[in-house]
Amino acid sequence: MTSPVRVRFAPSPTGFLHVGSGHSALANWLVARQTGGEFLLRIEDTDAERNRPELVDNVLEMLQWLGLQWDGEPVRQSERGQLHADAAAKLVAAGAVYFCDCTSEEVQARNKAAGGKPGYDGFCRDRGLEPGPGRAARFRTPREGRTGWTDLVRGEISFANADLEDFVVLRGDGSPVFLLANAFDDADMGITHVIRGEDHVNSTPKYLLLLDGLGLSRPTAFAHMPLLVNEQRKKLSKRRDDVSMADYRERGYLPEAMVNYLALLGWGPSDGVEVRPIAEIIDRYRLEDVNASPAFFDQKKLSFVNAEKIRALPVPEFLARARPFLTHGEASAAALESLATEVQERVRTLAEVEPMIEFLVVDEPEVNEASWTKAITKGKAVAEMLDATIAWLEALDDDAWQPEPIQRAVSAAAIDAGLVNAEGGPQLSKAQGPVRVAISGRTVGPPLWESITVLGRERTLARLRVTRGRLG
RNA sequence: GCCCCCAUCGUCCAGCGGCCUAGGACGCCUCCCUUUCAAGGAGGUAACACGGGUUCGAAUCCCGUUGGGGGUGCCA
């Protein structure tokens with residue numbers, strides 16, 4: 001029997017949570033949930049310079065939004081300095097490290113003279129320098145042999161030790177570097193599976209050597225997830241790409257859509273069903289089945305998944321989710337409620353809800369220029385159609401202000417205006433254009449009869465007259 | 001430069017030696033349905049990077065080439 005799985009997500013709060021980290025966090029979470037293991041959180045906040053407390057809040061908030069609930073209290077790496085210092089002392093005592101007083105300028109200069117190869121050249125390796133201010137401790141990497149591991153997504157990976165430079169473990173000021181804190185904490189927290197991005201592959205042999213030097217056991221498994229890339233096939237970057245998780249939330253994406261889509265990058269269920277409940281993904285997800293090649297973060301497909309998830313929502317749930325995106329408060333909410341299913345089926349994001357119902361809320365619908373041109377300027381028999389529609393709708397009494405009678409009225413108006421098809425019936429595809437623009441300002445929107453019903457007799461007729469008036 | 005990784009439609013996946021005339025999804029295009037837009041239905045477009053092996057048989061295994069990516073800090 002193997003020990004229970006313990007995984008961790010270890011973000012450094014130097015930026016907002018982005019979709020790439022979300023991808024790694026999700027993989028960790030899925031493995032924990034499917035094995036009954038634990039998903040731990042460790043905030044790697046040792047870089048006081050770049051750290052910002054509010055970014056920690058953002059990371060936690062986004063994980064919660066995504067539904068990736070962690071187990072236990074988040075661990076703050078900055079509070080574990082003593083442990084790291086003790087570990088470093090152990091390395092010093094064991095002779096696993098040596099001290100070095102080279103400045104990076106000196107190292108670079110020597111490398112340049114030696115033919116431009118980067119990395120530390122081992123200058124101080126045998127100088128026997130004592131510890132002292134400004135002197136960094138470097139790990140004495142083996143000159144021979146290889147260091148490797150079995151990667152759940154990539155298979156066997158190994159590096160020649162000779163290619164590993166004597167990397168810094170303690171800075172000149174005595175503080176431990178990331179790699180030491182990271183490897184030590186993983187071991188100390190009992191992490192069994194280290195699941196992270198591909199960008200950590202190259203530092204893994206050093207991580208392993210460090211654990212060996214510390215006498216700590218290695219994790220039972222590693223999994224290096226494929227990087228998420230942009231259309232140029234470059235690693236997603238904060239600077240040029242749309243990567244902020246919070247931005248996606250603000251743009252009306254559902255967390256379940258984001259999580260489902262993220263799971264699909266690098267992995268796919270063998271039955272081909274891509275959009276499905278998270279519980280099913282938990283059951284089917286296997287690190288062994290994850291692709292090692294980089295995956296393009298495709299917003300179009302994300303939008304598709306989002307639309308599917310929105311349509312799958314029970315109506316009351318849809319209304320609740322859309323609520324924060326409504327800009328006219330109660331009025332918007334009431335308007336949306338009256339056309340809920342019609343709107344729900346038509347939006348790809350929650351941010352698209354408000355524009356679709358705004359005509360019901362504002363006094364004057366904003367007229368979309370392209371729509372006006374298409375349906376009014378270039379429309380046929382527009383004046384006749386509007387006149388006839390006004391006449392037929394005026395004839396409806398309040399009790400008859402319902403979709404069915406309204407449809408009949410507009411159909412009759414179409415016939416009056418001469419907008420008929422080959423069989424002499426109303427040509428609604430043409431006829432509804434001017435009416436739609438008159439009441440909503442746009443050529444697209446929820447079904448017309450329902451829209452008119454909700455808009456109400458008075459406002460509908462007023463808008464039709466105003467539009468008719470503009471024609472002169 | 002060096003090290004490591006990767007390589008199936010435009011994109012994301014399926015395929016794990018014969019079931020492949022290479023399948024699904026997104027996108028795009030056409031048609032149907034239809035009051036617009038969606039949704040739905042029916043089609044279409046489009047890929048195993050290349051060259052050598054291994055094998056009776058290779059998209060699947062091996063080697064090389066080419067191409068792409070990542071790493072290369074006293075950042076995390």
Side-chain angles (χ1 to χ4, degrees), chain A residues 10-15 44-47 49-51 77 100 102-104 107 115-120 134-138 151 153-155 157-160 163-165 167-173 175-179 181-182 197-205 224 226-227 229 231-235 261 264-275 289 291-298 300-305 307 311 342-348 356 371 374-375 407 410-411 414 426-433 435-437 440 442-451:
Chain A
S12 68
T14 53
E44 307 215 312
D45 55 353
T46 53
D47 184 351
E49 299 282 303
R50 295 198 298 160
N51 262 343
Q77 196 165 57
C100 166
C102 300
T103 64
S104 56
V107 175
K117 43 186 172 185
Y120 185 65
R135 290 182 178 175
R138 289 184 179 275
D151 198 284
V153 340
R154 278 151 221 278
I157 301 181
S158 74
F159 291 70
D163 289 329
L164 270 20
E165 64 172 328
F167 56 94
V168 170
V169 169
L170 286 176
R171 300 191 186 87
D173 65 2
S175 63
V177 299
F178 152 77
L179 200 54
N182 183 258
E198 190 195 343
D199 42 354
H200 291 280
V201 167
N202 292 272
S203 64
T204 303
H224 287 94
L227 252 23
V229 299
E231 40 283 284
Q232 277 82 242
R233 302 250 116 207
K234 303 276 191 207
K235 181 168 79 164
Y261 177 63
L264 260 17
L265 292 176
W267 175 83
S270 52
D271 66 2
V273 180
E274 298 189 320
V275 180
D289 295 336
N291 278 330
S293 39
F296 170 61
F297 187 85
D298 185 359
K300 281 196 174 145
K301 184 141 184 179
L302 203 214
S303 291
F304 163 77
V305 175
R311 283 190 291 269
E342 286 82 0
V343 172
Q344 182 175 11
E345 196 176 54
R346 288 168 171 75
V347 293
R348 292 172 80 82
M356 204 165 277
S371 294
K374 187 181 175 197
Q407 174 174 1
V410 175
S411 298
Q427 196 178 21
L428 261 16
S429 60
K430 286 258 183 346
Q432 59 96 36
V435 178
R436 183 181 288 281
V437 171
S440 75
R442 322 193 323 169
T443 49
V444 301
L448 230 209
W449 327 136
E450 284 75 6
S451 296

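Reckoned from all heavy atoms, side chains included, excluding hydrogens, waters and symmetry mates. Residue numbering restarts at 1 for every chain, and letters A, B, ... go by the order of the sequence lines.
A/Phe178 is linked by a side chain to side chain contact (heavy atoms under 4.5 Å, CB included) to A/Glu44, A/Asn182, A/His200, counting only residues two or more places apart in sequence or in another chain. Contacts of A/Arg346 classified as side chain to side chain contact (heavy atoms under 4.5 Å, CB included), with partners at least two apart in sequence or in another chain: A/Glu342, A/Met356, A/Pro447. Among residues two or more places apart in sequence or in another chain, the side chain to side chain contact (heavy atoms under 4.5 Å, CB included) test is passed with A/Val273 by A/Asp271, A/Arg276. Remark: A/Thr443 pairs with A/Ser371 by the side chain to side chain donor-acceptor pair (under 3.5 Å) rule, at least two apart or across chains. Here A/Phe159 pairs with A/Trp149, A/Ile157, A/Leu164, A/Val201, A/Asn202, A/Pro205 under the side chain to side chain contact (heavy atoms under 4.5 Å, CB included) rule; sequence neighbours left out. When the side chain to side chain donor-acceptor pair (under 3.5 Å) test is applied to A/Lys301, the partners found at least two apart in sequence or on another chain are A/Glu274. A/Phe297 pairs by the ring-ring contact (aromatic ring centres under 6.0 Å, His included) definition with A/Tyr248, A/Tyr261, not counting sequence neighbours. In this structure, the side chain to side chain donor-acceptor pair (under 3.5 Å) partners of A/Arg436, at least two apart in sequence or on a different chain, are A/Gln432.
B/G67 sits 26 Å from B/C20 when the C1' atoms are compared, rounded to a whole Å. Between B/C13 and B/G71, the two C1' atoms lie 27 Å apart (nearest whole Å). Nucleotides B/G52 and B/U66 place their C1' atoms 14 Å apart, quoted to the nearest Å. A distance of about 15 Å separates the C1' atoms of B/U21 and B/A47, rounded to the whole Å. Comparing the same atom, P, in B/A59 and in B/G53 gives a spacing of 15 Å after rounding to whole Å. If you take atom C1' in B/C48 and the same atom in B/U30, they sit 28 Å apart, rounded to whole Å. Annotation: B/A49 and B/A58 have their P atoms spaced 15 Å apart (nearest Å).
A donor N or O paired with an acceptor N or O is found under 3.5 Å between the base of B/C37 and the side-chain atoms of A/Arg346.
For the pair A/Gln432 CD and B/A38 C1', the computed distance is 13 Å after rounding to whole Å. Rounded to whole angstrom, the span from the CZ atom of A/Phe159 across to the C1' atom of B/C5 amounts to 8 Å.
Nucleotide B/U55 is matched to nothing when pairs are restricted to Watson-Crick or G-U wobble geometry with both distances under 3.5 angstrom. Figure legend. B/C9 is base-paired to no nucleotide; pairs are counted as Watson-Crick or G-U wobble with both atom distances under 3.5 Å. A 3.5 Å limit on both hydrogen-bonding distances identifies B/C29 as the Watson-Crick or G-U partner of B/G43.
What you find for A/Gly266 and A/Pro226 is that their closest heavy atoms are CA-CG, 4.2 Å. The two residues A/Pro294 and A/Val229 come nearest to each other via the heavy atoms CB-CG1, 3.7 Å.
In the set B/A7, B/U35, B/C12, B/A7 carries the atom at the smallest distance from any side-chain atom of A/Ser293. Counting only heavy atoms from C-beta on, A/Arg154 has its side chain closest to B/C6 among B/C6, B/U11, B/A76.
Across the interface with RNA chain B, nearest-nucleotide mapping of A/Ser158 and A/Ser429 shows A/Ser158 to be the residue nearer the 5′ end.
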- Task: Scan nucleotides 23-34 of chain B nucleotide by nucleotide, 5' to 3', and note B when protein non-hydrogen atoms come under 4.0 Å of the base, S if they reach only the sugar-phosphate, - if neither.
- Result: -BBSS-------

Shorter than 3.5 Å, N or O on both sides, protein versus nucleotides 40-47 of chain B: list them out with atom names.
none

Atom pairs, protein N/O to nucleotides 66-75 of chain B N/O, distance under 3.5 Å:
residue : atom : partner  : partner atom : Å
B/G69   : OP1  : A/Lys234 : NZ           : 2.6
B/G70   : OP1  : A/Lys235 : N            : 3.3
B/G70   : N2   : A/Asn202 : OD1          : 2.8
B/G70   : N2   : A/Asn202 : ND2          : 3.2
B/G71   : OP1  : A/Lys235 : NZ           : 2.7
B/G71   : O4'  : A/Asn202 : ND2          : 3.4
B/C74   : O2   : A/Gly172 : N            : 2.8
B/C74   : N4   : A/Cys102 : O            : 2.9
B/C75   : OP2  : A/Arg171 : NE           : 2.4
B/C75   : O3'  : A/Arg171 : NH2          : 3.2
B/C75   : O2'  : A/Asp47  : OD2          : 2.7
B/C75   : O2   : A/Arg50  : NH2          : 2.7

Every protein N/O lying under 3.5 Å from an N/O of nucleotides 19-21 of chain B:
none

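Using a 4.0 Å heavy-atom criterion, one finds that A/Pro13 contacts no nucleic acid atom at all.
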